Amino acid sequence: MYKYVIKRILLMIPILLGITLIVFFIMSLTPGDPGRMILGQGATQEAVDKLNDEFGFYDPLPLKFGNYIIDILKGDFGVSYRTQRPVFDDLMVRLPTTLKLVILSLLIGTIIGIPIGILSAVKQYSALDVFSTFFALLIASIPTFWLGFMLIILFSLNLEILPSTGLESWKGYIMPVGIMAIGQAASLIRLTRSSMLEVIRQDYIRTARAKGVYEKIIVFKHSLRNALIPIVTVVGMSFARGLGGTLIIEKVFAIQGVGTFMFDAIGTKDIPVVMAGVIFLAAIFSLCNLIVDLLYGYLDPRIKAQYSK
Amino acid sequence: MNMRKMFANFLIITMLFSVLSGCGGKTENGVPVNEQNAEQKREDVVLGVRGEPLGFDPTQTGDGFSNTVELQLFDGLVQYDENRNIVGNLATDWNISDDGLVYTFDLKEGVKFHDGTELTAEDVKYSLDLAKESPFTSSLNKMESITVLDPYKVEIKLKEPYVIFLEKLCRPDGAGIISKNARESAGAEAFYENPVGTGPYVIKEWERGSKVILERFEDYHWGAAPIKEAVFRFLPEPTTATIAVESGEVDFTDNISAADIPAIDKEKVSIYESPSFHFNYLVLNTNKEPLNNVKVRQAIAHAIDKDSVAISALEGYATVVDSVVRKDAEGYSDSIEYRQYDVDKAKELLKEAGYEDGFKLQILITEGYSNKIAEMVQANLKEINIDVSIQSIESSAFIQDMVDGKHEMGWFAVDNSTTDASQVSTMLETGEMYNLSYYSNTQLDEALHVLNSSINPKERNPKAELVQKIVNDEVPIIPLFWRDDIFLANKQLKNVEELFVQFNVYKLSW
Amino acid sequence: MTNKKNKKNKNKVLKEEKKTSQLKEIWFRLKKNKLAVMGLIILLILILIAIFADLIVDYDNVVVKTNMPERLQPPSGKHWFGTDEFGRDILARIIHGSRVSLSIGVIVVAISVFFGCLLGGIAGYYGGMIDNVIMRIADIFLAIPAILLTITIVAALGIGMTNLLIALVIANIPGYTRLVRAVVLSVKDVEYVEAARAIGLRDGRIIFKHVIANCMAPILVNATMSIAGTILSAAGLSFIGLGIQPPNPEWGAMLSGGRQFLRVAPHMVIFPGIFIIIAVLMINFVGDGLRDALDPKLKD
């Protein structure tokens with residue numbers, strides 16, 4: 001088992017390297033240079049060139065990339081071109097906000113989504129099933145920003161019961177988290193439903209039923225355990241993906257999180273920030289992948305058996 | 001509980017709920033409004049601004065957001081009064097030599113810095129020396145030298161006469177006086193975040209990503225500000241900023257979309273508007289065919305419906321202009337026949353130029369309302385067979401591309417804090433960085449030179465007229481409008497209009 | 001000799017019969033799903049509208065030409081969905097916009113599926129080093145949050161329709177690569193491949209045929225969902241200014257353009273929004289229905 005874990009962790013390294021390379025390459029295609037960006041249009045070309053030189057901007061691409069990797073290994077993620085502060089510090093300021101949003105919405109989404117999904121599967125084709133499927137698909141079809149603005153008009157402007165921006169008070173969390181949570185719930189409903197349906201049809205379930213075991217217990221014990229496996233995967237990956245996917249919600253509700261941080265950086269060609277952000281998010285993604293795979297192995301006895309060989 | 005009782009309870013609760021949400025007592029900062037008015041006047045103000053500062057050193061920052069905060073932390077040698085006349089600030093008196101090259105300032109005595117030390121001419125020299133060399137305050141590099149004549153007297157020599165020099169000194173976000181001692185001992189980097197100036201406010205706290213809190217400086221040399229605490233909250237979306245003011249979360253914002261104005265409840269908030277110094281125009285790159293043909297440029301000028309452009313861009317919150325000099329500015333000439341919106345004339349001119357069948361043209365724009373301007377121009381020019389394609393580029397790259405001359409037609413705007421005719425030189429003087437039309441005319445250059453150096457109206461006005469005539473005849477640019485500044489504020493906030501002159505929180509009170 | 005030929009023909013006929021009855025069965029199951037049926041009908045209507053847009057509304061005069069005196073009007077008898085900030089009829093723009101909005105989804109997914117099949121097929125079939133390299137690259141791309149990947153690509157290449165398509169395609173390919181590879185792998189090991197090999201049929205043909213057969217279902221279902229997702233992504237990108245630019249009446253661009261008029265003319269945002277929701281929802285219904293219909297395990 002440990003061998004597998006270590007192997008996986010080691011595998012993360014070339015993947016992260018690959019990501020760094022790709023993003024580095026894409027960013028190098030973007031027009032603009034840090035010197036001009038920082039000093040503005042009023043600066044002389046010499047001043048701009050000097051600053052660019054300091055940043056190593058004119059170095060050939062492989063050299064730039066090499067230097068960057070070496071710096072990372074030393075723990076130095078560079079300084080933002082725009083704010084002149086260490087990228088890591090800037091990132092850490094924004095991280096808690098996004099974390100709160102993602103974790104809360106995931107929690108709420110899971111609590112709502114999974115039970116409804118289970119019920120839908122158990123009572124397939126019932127009114128509840130059709131309605132929740134419809135509802136889940138509907139939610140998945142609504143553009144987030146559209147919904148966000150509609151809700152702001154309703155709750156902040158007309159009813160005046162919720163603040164429209166920021167996360168000053170707990171009330172400020174309701175709309176952004178709400179929207180994200182409903183989205184999570186919607187996809188979990190569908191996933192849980194199909195996952196449960198698959199399991200309910202497994203042969204051994206039929207066998208258990210033939211033996212006369214009380215149906216309710218069958219559903220909850222056997223089906224659930226097995227259905228949980230892919231759900232765990234999805235929830236885990238939703239967390240990882242959520243961290244990088246809050247951009248639109250942040251824009252609508254004027255929340256300063258990781259999403260807008262990255263977006264601004266990409267737009268202003270603030271390469272150190274973009275690189276650090278992508279590496280960070282990808283590392284979390286890979287980590288989640290690993291944890292989820294391990295859990296998967298633990299939950300599914302067949303796979304567990306495979307690895308204890 | 002039987003059914004009837006349950007139902008009755010349900011009704012009561014529903015009614016209570018609707019009544020409560022209907023007449024929810026308004027609160028401000030958690031304290032019910034009526035209670036407040038009776039007991040105490042507010043001493044704090046929450047301002048919603050579009051973006052976050054990078055730092056607070058006037059000579060090391062050029063972005064609008066840092067500038068806005070710096071205006072509260074520093075003073076300039078001179079300042080504007082409420083009618084935009086130049087009066088003394090850190091300087092009590094000044095003298096300008098006849099040739100316009102030497103400015104001598106007498107400084108106010110007993111002015112305290114935020115750290116308690118006193119202002120002397122050394123600080124002024126230090127600050128302006130930095131400004132002279134800084135790429136962020138490039139207009140100030142027209143200064144040649146700054147000399148300390150005595151602890152309260154400073155002499156500034158210019159390289160050449162500069163008519164609007166004093167106006168530049170009114171801006172503490174560029175020419176603000178900083179403490180030499182503080183910056184030298186703390187170092188430039190530390191000073192960047194912990195500035196020491198003489199202004200009415202100091203930085204209390206900077207919550208990155210959220211807000212900057214300013215606290216009043218009790219020993220401010222003009223007297224402590226009425227507002228004790230000013231919070232600048234970063235609200236990038238105009239829709240949310242507007243709603244924030246309407247719901248009372250924020251007391252003031254300048255980040256407004258003109259489109260929202262008809263929907264705003266005028267009972268709840270006050271709307272202020274005023275023409276600004278933000279001049280919008282279309283650039284025609286005379287290096288590119290067929291824009292090198294003057295008749296083509298003239299045709300385009302006649303094809304554009306400027307009023308519609310102003311409406312679609314800013315809902316009409318702008319002053320549309322025919323001339324490159326604004327009507328209320330000195331030197332405006334009303335004896336010139338400026339080009340009007342005339343589609344037939346446009347078609348005729350295009351035919352004369354030999355382009356009756358039209359051609360393809362690209363217009364370069366960036367984020368913001370320039371999008372709507374481009375769409376309008378596109379629709380207008382379609383009428384005369386010109387097929388416009390719109391290219392939108394992110395703002396920092398946009399400026400670079402325009403400066404590099406990659407555009408055919410482009411939108412641009414300048415804000416030189418003045419309507420003076422001399423500012424045309426930024427746009428059209430030969431060799432100027434922002435001469436994005438690549439237009440060169442020696443007559444024009446000569447006229448602009450006079451406008452920049454002479455302060456004699458008898459000399460200037462004929463030159464101003466010449467400038468306007470040339471621009472109207474040759475059409476290297478098409479003047480569109482001067483944008484309005486719009487502020488949205490809590491009804492009880494006083495003196496908001498003074499912020500049009502300069503964004504000084506010092507002027508505000510409840 | 002003739003025996004073999006006869007057998008081949010018989011196999012062919014059997015196979016074809018099996019195919020048609022399989023298809024019939026799938027169609028039958030799909031029809032049972034009321035939501036899927038509704039989805040298909042409405043989608044058909046939308047597609048017809050998109051194809052015949054020019055006949056319904058004159059592009060130059062109504063969709064592009066400005067009409068300032070009638071700007072920002074709420075829905076009325078003359079303008080069923082109201083007018084936009086340039087006075088243009090919103091219904092007309094929505095009708096023309098359907099072309100771009102719907103085709104973005106289809107084009108992006110079609111190209112992604114094509115490359116996904118290619119790469120996934122190669123990876124699965126050849127295995128070894130090639131497989132490793134392709135899969136690592138796919139993993140790399142999958143590890144970057146999709147939104148950020150698309151934003152980065154668009155920021156690097158520039159704003160515009162082509163670049164938007166490129167960005168969306170790049171974001172979609174890895175998923176399909178993985179999918180197809182998984183199918184190829186599962187097919188490679190199955191017993192009947194061994195049996196077929198024993199009879200003498202070439203590896204390539206066997207795998208190819210079986211891969212296609214097994215791929216169809218998951219790809220079809222996934223592709224349908226992807227089309228829906230792509231339409232939403234394109235709209236989202238337009239929202240933050242990196243997608244389709246005005247005056248193109250693409251639905252997402254209409255949302256972006258109407259955003260600042262949310263309070264005075266919400267109809268500018270509501271109607272395109274509704275159409276996006278309807279299109280995406282119908283596609284999702286069909287996709288969901290397809291998934292249920294194609295699931296071999298749901299054979300009761």
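So you know, we letter chains A, B, ... as the sequences are listed, proteins then strands, and number each from 1. Source: prediction; values computed, not measured.
Looking only at heavy-atom pairs under 4.5 Å with chain A, the residue among Ile137(C), Ile278(C), Leu142(C), Ile231(C) that has the most is Leu142(C). Among Val269(C), Ile283(C), Ile147(C), Leu281(C), the residue making the largest number of heavy-atom pairs under 4.5 Å with chain A is Leu281(C). Ranked by heavy-atom pairs under 4.5 Å with chain A, the list Ile274(C), Ile144(C), Ile153(C), Leu242(C) is led by Ile144(C). Comparing Leu243(A), Thr144(A), Ile19(A) by how many heavy-atom pairs each has under 4.5 Å with chain C, the most go to Ile19(A). Interface summary for chain C: among Phe285(A), Phe145(A), Phe134(A), Trp146(A), the most heavy-atom pairs under 4.5 angstrom belong to Phe145(A).
In this structure, CD1 on Ile140(C) lies 8.5 Å from CG on Leu17(A), to the nearest 0.5 angstrom. Interatomic distance, CG of Leu137(A) versus CG of Asp288(C), reported as 5.0 Å (0.5 Å rounding). Note: Leu149(C) CG to Ile22(A) CD1 = 8.5 Å, rounded to the nearest 0.5 Å.
For the residue pair Ile142(A) and Ile277(C), the shortest heavy atom distance occurs at CG1-CD1, 3.7 Å.
Met150(A) touches chain C through its side chain: at least one heavy atom from C-beta onward sits under 4.5 Å away, while N, CA, C and O do not. Using a 4.5 Å cut-off between heavy atoms, Ile151(C) touches chain A through backbone and side chain atoms alike. Contacts between Met225(C) and chain A at a heavy-atom distance below 4.5 Å involve the side chain alone, from C-beta outward. Proximity to chain A (any heavy atom under 4.5 Å) is restricted, for Leu35(C), to the side chain, taken from C-beta onward. Heavy-atom distances place the side chain of Leu255(C), and not its backbone, under 4.5 Å from chain A. Both the backbone and the side chain of Phe285(C) come within less than 4.5 Å of a heavy atom in chain A.
Within a 6.0 Å sphere centred on CZ of Phe24(A), heavy atoms belonging to other residues, nucleotides or ligands number more than 12.
For the pair Ser141(A) and Ile276(C), the minimum side-chain heavy-atom distance is 4.5 Å or more. Considering only heavy atoms from C-beta on, Asp139(C) stays 4.5 Å or farther from Asn289(A) through its side chain.
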Quiz item: Passes side chain to side chain contact (heavy atoms under 4.5 Å, CB included), Met262(A) versus Thr152(C)? Steps please.
Solution: CA-CA 10 Å; Met262(A) 294 294 295; Thr152(C) 317; over 6 Å; no

Donor-acceptor pairs under 3.5 Å, side chain of residues 154-163 of chain C to any protein atom, not counting sequence neighbours: which ones?
{"from": "Asn163(C)", "atom 1": "ND2", "to": "Leu157(C)", "atom 2": "O", "distance (Å)": "3.1"}
{"from": "Asn163(C)", "atom 1": "ND2", "to": "Gly158(C)", "atom 2": "O", "distance (Å)": "2.8"}

